[in-house]
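The chains referred to below are lettered A, B, ... by the order of the sequence lines, with proteins before strands, and numbering in each begins at 1. Values reported hereafter were calculated over all heavy atoms of this structure, with side chains retained and with hydrogens, waters and symmetry mates removed.
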Protein chains: 2
Amino acid sequence: MARRGDTIELAVLGLLHEGPMHGYELRKRLNLMLGWGRLLSYGSLYPALKKMLRGNLIEEVTGTPSSAGSPTSRRTRITYQVTEKGTAEFHRLMSEVGPTAWEDDNFDIRFRFFSSTDMEIRLRVLEGRRSRLQERLDRVQRELAMTQKEVDRYATELQRHGVESVEREVRWLSDLINAERGTGLSATPQPATDNE
Amino acid sequence: MARRGDTIELAVLGLLHEGPMHGYELRKRLNLMLGWGRLLSYGSLYPALKKMLRGNLIEEVTGTPSSAGSPTSRRTRITYQVTEKGTAEFHRLMSEVGPTAWEDDNFDIRFRFFSSTDMEIRLRVLEGRRSRLQERLDRVQRELAMTQKEVDRYATELQRHGVESVEREVRWLSDLINAERGTGLSATPQPATDNE
DNA sequence: GGCTGCATGTAAGTCGTTACATGATTTA
DNA sequence: TAAATCATGTAACGACTTACATGCAGCC
């Protein structure tokens with residue numbers, strides 16, 4: 001099962017999928033991609049790497065100094081790469097449907113690594129997020145209709161802006177879903193639609 | 001100083017500012033307003049209330065059962081109201097500039113309670129958030145220009161959508177700032193502008 | 001020879017959730 | 001009177017941050 005804390009694991013596996021890296025580099029890239037919010041600290045990253053090492057999801061790269069950018073190998077840094085088990089875990093986390101909160105928290109990360117999955121998974125993730133957002137939207141609108149009374153001006157504006165933002169995101173997701181389907185459909189010319 | 005965990009405290013003080021309430025009711029309202037993300041649990045709320053009680057920020061309401069909605073007073077529930085010290089703390093938290101992360105995390109809550117503050121504070125909070133978002137935007141754009149190479153299709157789309165969303169929010173904030181300034185100006189007919 | 005940036009790590013503390021436990025009150 | 005909802009609480013745990021500690025590499 002996907003636990004709450006598997007976020008770093010997923011992100012690290014995804015990045016290492018794009019090539020071997022050491023911790024410092026991982027943190028930099030992680031902070032770039034999660035960048036809109038908090039910064040990931042070393043105190044989280046390194047213990048997580050150790051744990052993944054113990055779980056055989058990743059392994060240290062030995063020898064072959066030609067792989068790194070600069071030829072002069074700095075002794076101190078430890079480069080990691082994914083193992084076969086790590087790849088399997090990555091695909092599991094990318095496709096799994098867990099508790100709602102997990103899926104929402106990690107949507108961005110999953111999306112970021114869409115290139116490493118296939119269309120079926122991509123559609124499932126996109127549609128899952130869209131339906132959850134839509135559900136929230138409906139719930140809020142229902143509650144809004146009930147507690148119509150004594151509304152604060154700023155509270156109302158906040159609500160309005162929130163609803164609008166989520167609606168925008170739903171449209172964005174719909175476009176992406178159509179795009180995914182579009183590429184799929186262009187390969188498969190209309191399976192069962194009689195429009196002559 | 002405003003610590004990270006003062007979020008609940010601020011929200012509770014703000015809500016109690018609108019009238020006395022008991023814990024269960026507070027949680028419901030809190031979950032409505034923070035609603036876009038996680039749910040606040042009793043395990044967080046009640047200890048927080050206890051702590052605020054110890055700090056004399058709030059106090060239990062004694063007697064006068066006419067204040068509540070239904071006249072039949074249920075013995076089990078404990079109704080709270082803000083103390084004078086609590087009001088002072090509320091205003092302090094509403095106006096204080098702390099570590100960046102704190103201000104960003106609590107922007108929504110502060111905004112929700114704008115009616116309980118004055119325009120000077122409102123403008124400071126709105127402008128603070130706008131400038132932080134703008135700064136982030138600039139930083140991302142700078143980094144984007146540097147690491148132009150090998151860009152993943154989905155990573156790019158995510159970046160694009162993120163930038164667009166933040167730009168939208170900046171415009172929203174600008175509108176709000178103008179509105180605040182507008183009301184201020186219309187009440188005070190041009191203090192020192194020679195336009196005869 | 002000292003400063004800055006790269007690089008890895010640990011210990012303590014904070015914040016909050018999950019799961020559990022309990023009981024009163026309203027409604028069917 | 002049974003079920004649902006209201007209402008309050010605690011203990012254990014989880015995940016992450018802050019602050020600290022260390023050392024090498026390259027530059028001025």
Q.
Ring centroids only, cut at 6.0 angstrom: are H17(B) and F90(B) within range, meaning strictly under it?
A. yes
Q | R3(B) side-chain N/O to dC15(C) phosphate OP1/OP2 under 4.0 Å | A | yes
**Q.** Interatomic distance where CD belongs to E25(A) and P belongs to dC6(C) [whole Å]
**A.** 10 Å
Q | Member of R181(A), R132(A), R122(A) meeting the salt bridge (Lys or Arg N to Asp or Glu O under 4.0 Å) criterion with E127(A) | A | R181(A)
**Q.** Distance in angstrom units between H22(A) NE2 and dC24(D) C1', rounded
**A.** 13 Å
Q. Between dT17(C), dC16(D), dT8(C), which one does the side chain of R77(A) approach most closely?
A. dT8(C)
Q: Go through dT10(C), dT10(D), dG16(C) for me and flag the one nearest to the P47(B) side chain.
A: dT10(D)
Q: Using whole Å, report how far CG of D105(B) lies from C1' of dC16(D).
A: 13 Å
Q.
Quick check on dT18(C): is either OP1 or OP2 less than 4.0 Å from any side-chain nitrogen or oxygen of S41(B)?
A. no
Q. Which nucleotide sits closest to the side chain of Y42(B): dT17(C), dG9(C), dG9(D)?
A. dG9(D)
Q | Sidechain N-carboxylate O distance under 4.0 Å for E157(B), R153(B) | A | no
Q. Within the structure, does a side-chain N or O atom of Y46(A) lie under 4.0 Å from either OP1 or OP2 of dT8(C)?
A. yes
**Q.** Closest nucleotide among dT8(C), dG9(C), dC6(D) to the Y24(B) side chain
**A.** dC6(D)
Q) Between dT17(D), dG9(C), dT10(D), which nucleotide has the shortest distance from any of its atoms to the side chain of L40(A)? A) dT17(D)
Q: Would you tell me whether S95(A) and R124(A) have side-chain atoms, one donor and one acceptor, within less than 3.5 Å of each other?
A: no
Q | Axis-to-axis angle between the two ends of the helix from dG1(C)-dC28(D) to dT14(C)-dA15(D) (five base pairs per end, rounded to 10 degrees) | A | 10°
Q) Under a 4.0 Å N-O cut-off, is there an ion pair linking D6(A) with R92(A)? A) no
Q) Atom CG of N106(B) and atom C1' of dC15(C): how far apart are they, to the nearest Å? A) 13 Å
Q: Check whether any side-chain heavy atom of Y80(A) sits under 4.5 Å from a side-chain heavy atom of V12(A), and report yes or no.
A: no
Q. What is the distance from CG of L30(B) to P of dA7(D), rounded to the nearest Å?
A. 15 Å
Q. When all nucleic acid strands are considered with a 4.0 Å heavy-atom cut-off, which category describes G23(A): base, sugar-phosphate, or nothing?
A. sugar-phosphate
Q: Start with the C-alpha gap between L49(A) and L26(A), add the side-chain angles, then the distance that decides, and say whether side chain to side chain contact (heavy atoms under 4.5 Å, CB included) holds.
A: CA-CA 10 Å; L49(A) 286 174; L26(A) 276 168; 4.0 Å; yes
Q.
Measure CG/D6(B) against P/dT14(C) and give the value in whole Å, please.
A. 12 Å
Q: Rounded off to whole Å, could you give me the CZ-to-P distance for the R27(B) and dG16(C) pair?
A: 15 Å
Q) Taking CG from L10(B) and C1' from dG16(C), how many angstroms apart are they, rounded to a whole number? A) 17 Å
